[in-house]
Amino acid sequence: TEEHPFNHLIDTLKDGDRKYFNPQKLNDARYNKLPLSIRVLLEAAIRKCDGFYVKEEDVHNILDWSEQQNVAEVPFPPARVLLQDFTGIPAMVDLAAMRDAVTKHGVDPGLVNPVCPTDLIVDHSLQIDLNKCQSQGPPSRPSPARPTPRRGSQCGGERGSCSKGGCSDTPGRPATAVQQIENTPLLYTIHIHEFLTFFLRLSLFPLKWCSKAFKNVNVVAPDVGAVHQLNLEYLSRVVQESQGFIYPDSVVGTDSHTTMINGLGILGWGVGGIESEAVMLGQPISLTLPQVVGCRLVGSVNILATSIDIVLGITKHLRQAGIAGKFVEFFGPGVSQLSVPDRTTIANMCPEYNATVSFFPVDHVTLKHFKQTNFTEEKLELLEAYLKAVKLFRNYEDSGTVMLSLLSLKVIEINLSSMVPHVSGPKRPQDRVAVSSMKEDFQSCLNEKVGFKGFHISKEKQESLVPFLHGGQEYELAHGSVVIAAVISCTNNCNPSVMLTAGLLAKKAVEAGLIVKPYIRTSLAPGSGMVTHYLNTSGVLPYLSQLGFEVIGYGCATCVGNTAPLPETVSEAIKEGDLVACGVLSGNRHFEGRLCDCVRANYLASPPLVVAYAIAGTVSINFEKEPLGVTSEGKEVYLRDVWPTREEVQQIEQDKVISSIFTELRARREKGNTFWDNLECPESVVFPWDPKSTYIRSPSFFNKLVKVQPPQSIENAHALLFLGDKVTTDHISPAGSIARVSAAARYLLSKRLTPREFNSYGARRGNDAVMTRGTFASIKLQNRFIGKPGPKTVHIPSGQTLDVFEAVERYQRDGVPLIILAGKQYGSGNSRDWAAKGPYLLGVRAVIAESFEKMHKNHLVGMGIAPLQFLPGQSADSLELCGKEKFTITLPEDLSPKQILTTSSGKTFSVTTLFDSEMDVAFYRHGGLLRYVARTML
Ligand SMILES: *[C@@H]1O[C@H](CO)[C@@H](O)[C@H](O)[C@H]1NC(C)=O
Ligand SMILES: *[C@@H]1O[C@H](CO)[C@@H](O)[C@H](O)[C@H]1NC(C)=O
Ligand SMILES: *[C@@H]1O[C@H](CO)[C@@H](O)[C@H](O)[C@H]1NC(C)=O
Ligand SMILES: *[C@@H]1O[C@H](CO)[C@@H](O)[C@H](O)[C@H]1NC(C)=O
């Protein structure tokens, strides 16, 4: 810190022993005008300023945000990295290989460790899709063990919005593969059981090793909890502490749900595999200084609106606002009405409106949330004092000082009272009806001709009342009578507060003397055991069952049509009167005739409204004007009398739910996992590679690593491929099955595997030999040398048509460097690390394209491949390149970002280097980030 360019900003907190960088000591009026999310970027840049990764100029650019937004490229060194599932393996394997490489040069391998604290959560990926095996019987080959992460699929394997709502990760989520194997081996053939066990052991072994071998890596064993639950409840610090300094928590993760964390005032988002690896090794994320949109919440929430109504309502506004690629920062008095789960759900919806993050600066609600985990009073005080000292704390009620930081922002104003509750139906989920106009809407459905919104009941029949007997008592059914009411906490409705609202409503209704008529088929299907647990802890479960909402099972029972049949007298009455009877349920799927043939109108509603309509016994009701029910003493009770307030619900959510989730996670962590604990793994400093393994191999990124950096000019290179527009990462590095006739197949056959055992490229990402052979092995690859799709190319000068890998072998033998010619948007699609690693191992030195997908371009730089762009308006065609020329690209000693280079290929043309910074240039010169870091150690 002696030489730290900003050490004059160091301050100490009142307690005296905690230091921090105080940007206010810059004495720059612009600081007070920065949005809080940008202040987080600024603090990180100040603290990590080292003149290479982060420069003083970067700090000034961030401070000058009002001028530099959308212009300057700035570094962001996050406080931690979150890896989950198999994205962790390649990163760990690369670090293990780096240990080998430096050992060969006499350097202590124990020095190779992540620089940035890394949490690696094993659980996520291990939810191998065994449901499919169950329903289809044992498959003929072991492919079901493919390691594709399975996300949020409590309902029949569909990717429900459950995971979007951020609650598929409650500890009661579907059992992990480990659990499933341990608990239900009889469901599977021995073969599959063995295969899965083998596969798990194989994948877990390196992770187990790195949990011991590396400093700065925290591996969370399988079966403790899924990644986002852990991230929210367990790993989040809000304020980090290291080497006597405190600073704001921030994170990058390898998953798009990482944005949830912004609901806790922790800046973070998802990045690709290579980027996260780079961050682990100390490199900051590079981003264009973001524009920030302010989202001002005003007004008060409609009493009947649930969290989900609010979350979806806000999401809809944001989607319409066109804020792609921006930061959204929330402010205004309405924010304090949102609980932490509400905020994290909104933040998790970012991909829906394409914002980078939705940031909710820390306030008292956030602090109260952490009180329910294990933050002590003292820690919370420290946290608040620090955040206040650097002006990162917000009081949402206070409009004065807050506004200063938001003066220059584009602001979207949302009035929370416009979020009125809706139900949808009677036949399609997209037909939304405001609860306040339900009665009129149902009436018009009776009148309308048969269609999505019509039943065409003649006027004289609309008033029919059909008496029937049930349990020895007489009741009457009419059009609109509710006969099925199912509370399902699946998909959207698994936000705890929504289920709690239903429970509290039941409690208050019972206490007010209301009942649900006994002929109504009522049921309760919580999404997981956790839901039952917190309903029980909160004391509302008995009231739900008193109204007939008994737990019938987990997940999707009613929404897939598994309701018990209606009482016979009821179905007869419906038939007799040709009645439009109703079902109300809180799933997100149904529809016509799905619940039961004789129920023609089905409405989707929030769980508390399901309870309300069940008590009312009809959907044809105006809750404002008509009582929900009448007690046995003849007293009228209105819905507003028994509907719990948001404060009541939030209080219980705070006190019971958050803490019980935390306690459960901690208990699981302490209990451990036998499979994991018993997995044997040597405590060696270098990884014990198994030479026989065809899944995990030491990657050859460090081959021929020498201390001095290699020459960089590219002389007499050939174009390996001549590609068109929109080549995706899946074309470059397919993840699917390994074709029987392919270079990868030949390699695996040479290892004595049978085609049955090939598995997919995705499953073999830990084997660079397979992945290199699989690079450009997509059957959809359009190579202009060939003219039809396929993984082939023409070898120059022989003119022979070969598999891409065969051609590469020839070029390598002859020492010919390679380049790739491409059109627009090279590397679009999902970020995939092997789409850059593969070409590097093939010997590709540069890609010349009309444009690049940004994340892929960063990956190329990280792997030491030069991304070069044709000058504006130029392309291979306009330059009349046939691709079979020899390319020489001369790189000057003083190579700088965005420099124009001359390329000769018989003809001479210029290209722009897409290096963003000197750091990028350094990576290129060293053959990529990994070699740069290894060489630095040498
Ligand atoms: C929000 O909307 C309600 C109802 O339309 C209105 O009464 C209230 O004044 C609005 N609040 C603000 C701050 O605009
Ligand atoms: C978000 O981005 C995707 C892909 O770039 C685009 O298809 C979609 O229309 C965008 N949505 C919004 C709301 O901007
Ligand atoms: C809370 O518990 C986690 C896990 O046991 C631990 O890592 C963390 O340090 C604890 N936090 C506090 C503030 O005690
Ligand atoms: C609810 O909690 C009580 C007391 O802890 C327990 O006896 C009961 O089994 C629980 N019920 C359910 C359904 O979990």
Side-chain angles (χ1 to χ4, degrees), residues 170-173 175 294-306 309-314 316-318 320-321 330-338 342 394-400 402-403 406 409-422 434-437 486-490 494 496 499-500 502-504 506-507 510 522-555 557-558 607 611 623-624 640 643 645-646 652-653 655-664 667-668:
T170 43
R173 78 214 175 284
C295 184
R296 180 160 194 260
L297 301 184
V298 298
S300 36
V301 175
N302 179 298
I303 166 164
L304 298 189
T306 64
D309 295 318
I310 294 164
V311 167
L312 294 181
I314 291 177
K316 186 168 153 229
H317 274 276
L318 293 175
Q320 287 159 352
F330 281 81
F331 69 107
V335 181
S336 44
Q337 294 172 52
L338 302 185
D342 297 343
R394 185 163 279 175
N395 174 356
Y396 288 99
E397 309 290 338
D398 170 12
S399 51
V402 167
M403 289 312 288
L406 298 154
L409 297 191
K410 178 187 167 194
V411 168
I412 304 164
E413 181 165 295
I414 301 178
N415 186 336
L416 290 174
S417 47
S418 67
M419 314 285 161
V420 296
H422 283 81
V435 172
S436 53
S437 50
V487 173
I488 305 160
S489 92
C490 149
C494 49
M499 290 300 278
L500 282 177
L504 280 173
K507 177 167 187 268
V510 167
T522 43
S523 59
L524 173 62
S528 69
M530 193 68 204
V531 179
T532 319
H533 178 74
Y534 68 64
L535 288 176
N536 198 16
T537 337
S538 324
V540 295
L541 204 54
Y543 298 97
L544 280 164
S545 46
Q546 227 169 306
L547 291 184
F549 294 95
E550 297 270 9
V551 177
I552 52 158
Y554 293 97
T558 316
V611 174
F623 289 128
E624 284 286 298
R640 58 179 171 269
W643 191 276
T645 65
R646 282 180 66 74
I652 294 189
E653 185 176 33
D655 297 350
K656 308 284 185 193
V657 183
I658 309 286
S659 57
S660 70
I661 292 176
F662 184 82
T663 316
E664 169 107 17
R668 279 164 184 259

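Residue numbers run from 1 in the order of the sequence given. Numbering of ligands and ligand atoms starts at 1, following listing order.
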Exercise. Would you name the heavy atoms of Leu416 and Gly334 that are closest together and state the gap between them?
Key: CD1-O, 3.7 Å

Quiz item: Which residue supplies the protein heavy atom nearest to atom 13 (C) of ligand 4, what is that atom called, and how far is it?
Solution: Leu541 CD2, 3.7 Å

Quiz item: Just which atoms of ligand 1 are under 4.0 Å from any heavy atom in Val298?
Solution: 13 (C)

Self-check item: Distance flag for atom 7 (O) of ligand 1, protein heavy atom under 4.0 Å
Solution: no

Self-check item: Distance flag for atom 11 (N) of ligand 1, protein heavy atom under 4.0 Å
Solution: yes

Quiz item: Within the side chain of Glu653, is there an N or O that forms a donor-acceptor pair under 3.5 Å with the backbone of Leu500?
Solution: no

Quiz item: Do ligand 1 and Asn415 have nitrogen or oxygen atoms that lie under 3.5 Å from each other?
Solution: yes

Quiz prompt | Gln546 (side chain) donor-acceptor with Ala506 (main chain) under 3.5 angstrom | solution = no

Quiz item: Hey, which of Val435, Asn302, Val301, Asp309 is the one that makes side chain to side chain contact (heavy atoms under 4.5 Å, CB included) with Val420?
Solution: Asn302

Quiz item: Which part of Thr537 is near ligand 4, with near meaning a heavy atom under 4.0 Å away: side chain, backbone, both or neither?
Solution: neither

Exercise. May I ask you to list the atoms of ligand 1 that are less than 4.0 angstrom from any heavy atom of Ser417?
Key: 1 (C), 2 (O), 3 (C), 4 (C)

Practice problem: Kindly check if the number of other-residue, nucleotide or ligand heavy atoms within 6.0 Å of CD (Glu413) is above 12? | Solution: yes

Self-check item: Nearest atoms (heavy-atom pairs only) where Ala305 meets Met419
Solution: CB-O, 3.4 Å

Quiz prompt | Residue, atom name and distance, where the atom is the protein heavy atom closest to atom 5 (O) of ligand 4 | solution = Asn536 ND2, 4.7 Å

